[in-house]
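One structure is given here, and the rest of the page talks about it.
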Amino acid sequence: MTPGKELLFVALGGSGEIGMNVNLYGCDGKWLMVDCGITFGDAQYPGVDVILPDLQFIEERLDELIGIVLTHGHEDHIGALPYLAGELGVPLYATPFTAGLIHGKLEEEGNADRIELNVVKEEGPFQIGPFRITYTPLAHSIPEGNAVLIETPYGNIFHTGDWKLDETPSLGGASTAAELTAIGDKGVLALVCDSTNVFNPEASGSEGDVRKGLDEVVAGIKGRVLVTTFASNAARLQTLGEVAQDCGRQLCVAGRSLDRIIRVAKATGYLRDFPDTVDFETAMSLPANQVMIIATGGQGEPRAALNRIAEDTHVLKVHKGDTVVFSSRQIPGNEIAIGRIMNTLAGKGVEIITDRQAFVHVSGHPGRPELAEMYKWIRPEIVLPVHGEVRHMHEQARFALSEGVPQAITQVNGDIWKLAPGKPRQVGHAQVGRLVLDGDVILPADGTTINERRRVALYGQISVAVALRSGKLLGEPQIRLQGVPVEEDRDNFIADACDAAAQTVRKESSRDLEKLREALRLSVRRVAVKYTGKKPVVDVLIVEA
């Protein structure tokens with residue numbers, strides 16, 4: 001699938017799911033990647049925090065890949081770079097703030113010296129092979145959110161990245177309606193567009209309005225205030241710094257990712273007026289009505305600051321009469337984890353405020369009115385929805401057609417589309433999938449290791465050891481178990497399992513150790529089924545003396 005005299009598109013992640021955005025554009029024998037992000041683990045992946053895209057399709061064509069352009073610095077757009085960019089071996093292109101975040105990640109993984117990271121300012125085009133690239137600033141919840149105008153011999157692409165419309169953004173600027181209309185005047189073949197909030201009938205709202213809402217909430221609280229938000233939402237950090245000053249409270253920040261965002265933002269010219277912060281001990285020594293804490297963990301992450309504060313394992317504490325404000329939205333799939341933390345806080349007598357009770361959050365993604373405006377300005381021949389679950393992308397396709405866009409393409413990860421010349425059509429399918437970062441090791445998400453772990457998590461595990469001499473049992477079998485639900489029957493279960501193993505050795509006449517091993521495994525598992533109704537994983541060790 002080497003691109004010829006044509007324009008191809010394929011998503012390797014982020015189409016049919018929220019997160020893990022990876023998009024490829026191909027023409028004249030070359031591929032260009034836009035974004036390379038992660039998503040986060042859940043109960044399907046025991047022990048795994050980070051999930052990476054499987055890039056096998058492009059890894060098999062590395063001589064055709066010429067660069068990776070990053071739209072902005074959110075984890076679902078840059079998070080895979082520290083683990084995968086070294087193998088891809090191509091230059092990265094990012095604006096200063098995004099590049100600062102990427103450089104920090106590469107340094108943490110120890111590979112910054114061997115990955116070329118090009119810092120590109122939001123002005124003027126630059127060329128990568130047959131692709132002419134221009135960053136186009138759009139409002140989002142992080143500095144330097146950008147769309148990417150990709151000009152090719154076969155048509156122009158306007159790839160929005162994550163965006164919204166905001167007349168009063170807290171940090172940075174955004175392209176005006178006139179500037180976006182001028183892009184449309186050039187002719188845009190395809191608008192590749194964020195679908196996250198397509199079901200929202202209202203515009204997402206302005207960060208300036210959130211400040212007013214937070215001012216009202218915090219001013220009315222007599223106890224200690226803790227606000228949790230997305231660490232990367234530097235615009236919200238700016239707002240919270242202003243709210244702390246408005247309400248006469250000292251500010252304390254809890255979370256390594258918050259520290260990193262603040263450091264990079266200040267180094268690249270943002271958060272210059274962010275107030276000085278106090279350390280944890282000082283925050284706890286101040287009168288409760290004179291401090292406001294900003295903490296990570298609003299999505300229920302077990303190792304983040306908010307969870308540790310709720311569980312009383314952090315220097316910072318909250319008590320009855322204090323208030324925790326969730327200045328963020330729930331990412332689908334995190335509801336249970338967030339609910340667990342909320343219940344723990346409520347059990348302490350802590351009041352909880354979310355965007356359902358007060359105006360404390362606005363989304364960084366466009367609602368239907370904003371999408372309609374973008375269609376009007378860009379006037380694409382095709383809308384190609386990305387960045388959403390299947391239902392989001394299909395709904396945006398329907399909405400675009402209803403707004404007068406001539407054509408809409410719905411696709412999912414792996415679908416290879418020829419956009420030009422000629423009528424757009426699907427021309428193939430790329431292998432896609434997921435990898436997991438398990439400790440320091442990258443593994444297939446549905447490979448042997450993770451499947452084994454799932455089985456152990458579901459059914460428990462039993463270890464059986466027998467010693468033989470000349471085919472005869474030497475001593476008693478040894479049984480150890482983990483996660484098998486026998487509880488008060490544990491001793492009886494082990495005794496019966498040992499008896500079953502011993503009888504199997506005496507009955508098994510074969511000298512084939514593999515046959516004996518399988519017979520032992522089945523005999524012990526039958527005892528487990530009798531006791532529990534479950535079929536645990538049974539591992540057998542045979543020692544010949």
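All residue numbers in this chain count up from 1 along the given sequence. All values reported here derive from a predicted model rather than from experimental measurement.
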> Is it the case that more than 12 heavy atoms not belonging to Y459 sit under 6.0 Å from its OH atom?
Replying inline: no

> At what distance, to the nearest 0.5 angstrom, does CZ of R453 lie from OG1 of T448?
Replying inline: 12.0 Å

> M342 and T354: side-chain contact (heavy atoms from CB on, under 4.5 Å), yes or no, with the steps?
Replying inline: CA-CA 10 Å; M342 287 183 173; T354 72; 3.6 Å; yes

> Between E207 and K164, does at least one N-O distance fall below 4.0 Å, as a salt bridge requires?
Replying inline: no

> Does E87 CD have over 12 foreign heavy atoms under 6.0 Å away?
Replying inline: no

>> Against R368, only a single residue in E202, E373, E395 fulfils side-chain hydrogen bond (donor to acceptor under 3.5 Å, both in side chains); can you say which?
In response: E395

>> Between H159 (side chain only) and V192 (backbone N and O only), is there a donor and an acceptor less than 3.5 Å apart?
In response: no

>> When you compare the side chains of E144 and T98, does any donor N or O come within less than 3.5 Å of an acceptor on the partner?
In response: no

> Taking C-beta and beyond as the side chain, do I409 and D415 meet within less than 4.5 Å on heavy atoms?
Replying inline: no

> If you take all heavy atoms of A231 and S257, which pair is closest and at what distance?
Replying inline: CB-OG, 3.3 Å

>> Between R379 (side chain only) and W377 (backbone N and O only), is there a donor and an acceptor less than 3.5 Å apart?
In response: yes

> Any side-chain donor-acceptor pair under 3.5 Å between H392 and Q396?
Replying inline: no

> Ignoring hydrogens and geometry, is there a side-chain-to-backbone donor-acceptor pair from E17 to G14 under 3.5 Å?
Replying inline: yes

> Which heavy atom in A430 sits nearest to a heavy atom in V10, and how many Å separate them?
Replying inline: CB-CG2, 4.1 Å

> Is any side-chain heavy atom of M374 closer than 4.5 Å to a side-chain heavy atom of L180?
Replying inline: yes

> What is the minimum heavy-atom distance between S195 and V386, and which atoms define it?
Replying inline: OG-O, 2.8 Å

> For E116 and N118, does a side-chain donor sit closer than 3.5 Å to a side-chain acceptor?
Replying inline: yes

> Around R340, counting heavy atoms of other residues, nucleotides and ligands shown, do more than 12 lie under 6.0 Å from its CZ?
Replying inline: yes

> Does I115 reach the side chain of L81, with side-chain heavy atoms less than 4.5 Å apart?
Replying inline: no

>> For the backbone of P137 and the side chain of S175, can you confirm whether one donor and one acceptor N or O come within less than 3.5 Å of each other?
In response: yes

> What is the distance from atom CD of E370 to atom CG of N200, rounded to the nearest 0.5 Å?
Replying inline: 8.0 Å

>> Taking the side chain as everything from C-beta on, heavy atoms only, tell me whether E75 gets closer than 4.5 Å to F40.
In response: yes

> Just how far is it from atom CZ of F9 to atom CD1 of I150, taken to the nearest 0.5 Å?
Replying inline: 9.5 Å

> Is the shortest heavy-atom distance from the side chain of V34 to the side chain of T71 under 4.5 Å?
Replying inline: yes

> Counting distance only, does the side-chain N/O of N413 pair as donor-acceptor with the main-chain N or O of S15 below 3.5 Å?
Replying inline: yes

>> With a 6.0 Å cut-off (strictly less than), is the heavy-atom count around CD of Q482, excluding the residue itself, greater than 12?
In response: no

> Should E108 and K105 be marked as a salt bridge (charged side-chain N to carboxylate O under 4.0 Å, His left out) after you check the CA-CA gap, both sets of side-chain angles, and the distance that decides it?
Replying inline: CA-CA 5 Å; E108 288 178 3; K105 290 177 172 294; over 6 Å; no

>> Has T268 got a side-chain atom pairing as donor or acceptor with P96's backbone, closer than 3.5 angstrom?
In response: no

> With a 4.5 Å limit on heavy-atom distance, are the side chains of Q431 and E60 in contact?
Replying inline: no

> Does a donor on one side chain sit under 3.5 Å from an acceptor on the other, for T2 and E64?
Replying inline: yes

>> Main chain of Q299, side chain of E301: is a donor-acceptor contact present, judged purely on distance under 3.5 Å?
In response: yes

>> So E403 and L371, do their side chains get closer than 4.5 Å, heavy atoms only?
In response: no

> Of I78, L55, I102, N21, which is the lone residue that meets side-chain contact (heavy atoms from CB on, under 4.5 Å) with C36?
Replying inline: L55

> How close do T410 and M393 get, heavy atom to heavy atom, and via which atoms?
Replying inline: CG2-O, 4.1 Å

> What's the spacing between Y45 OH and L437 CG if we round to 0.5 Å?
Replying inline: 14.0 Å

> Taking the six-membered ring for Trp, are H140 and H72 parallel (under 30°), tilted (30 to 60°) or perpendicular (over 60°)?
Replying inline: perpendicular

>> Using side-chain heavy atoms (C-beta onward) and a distance below 4.5 Å, is E6 in contact with V427?
In response: no

> Does the ring-ring contact (aromatic ring centres under 6.0 Å, His included) test come out yes or no for F131 and Y25, once each step is laid out?
Replying inline: CA-CA 9 Å; F131 304 95; Y25 294 93; 7.4 Å; no

>> Could you go through E452 and R455, starting from their C-alpha distance and side-chain angles, then the distance that decides it, and tell me whether this counts as salt bridge (charged side-chain N to carboxylate O under 4.0 Å, His left out)?
In response: CA-CA 5 Å; E452 286 177 349; R455 289 177 59 212; over 6 Å; no

> Does a donor on one side chain sit under 3.5 Å from an acceptor on the other, for Y154 and D28?
Replying inline: yes

> Judged by atom type as modelled, is there a donor-acceptor pair below 3.5 Å linking the side chain of N197 to the main-chain atoms of G367?
Replying inline: no

> Side-chain donor-acceptor pair under 3.5 Å between S463 and D539, yes or no?
Replying inline: no

> Could you state the interatomic distance from CG (L24) to CG (L12), rounded to the nearest 0.5 Å?
Replying inline: 4.5 Å

> What are the two closest non-hydrogen atoms of L419 and P424, and how far apart are they?
Replying inline: O-CG, 3.9 Å

> Can you tell me if S204 uses its side chain to pair, donor with acceptor, with the backbone of V362 under 3.5 Å?
Replying inline: no

>> Between E311 (side chain only) and L306 (backbone N and O only), is there a donor and an acceptor less than 3.5 Å apart?
In response: no

> Out of curiosity, S232 OG to F97 CZ, how far, rounded to the nearest 0.5 Å?
Replying inline: 8.0 Å

>> Can you tell me if D440 has over 12 outside heavy atoms packed within less than 6.0 Å of its CG?
In response: no

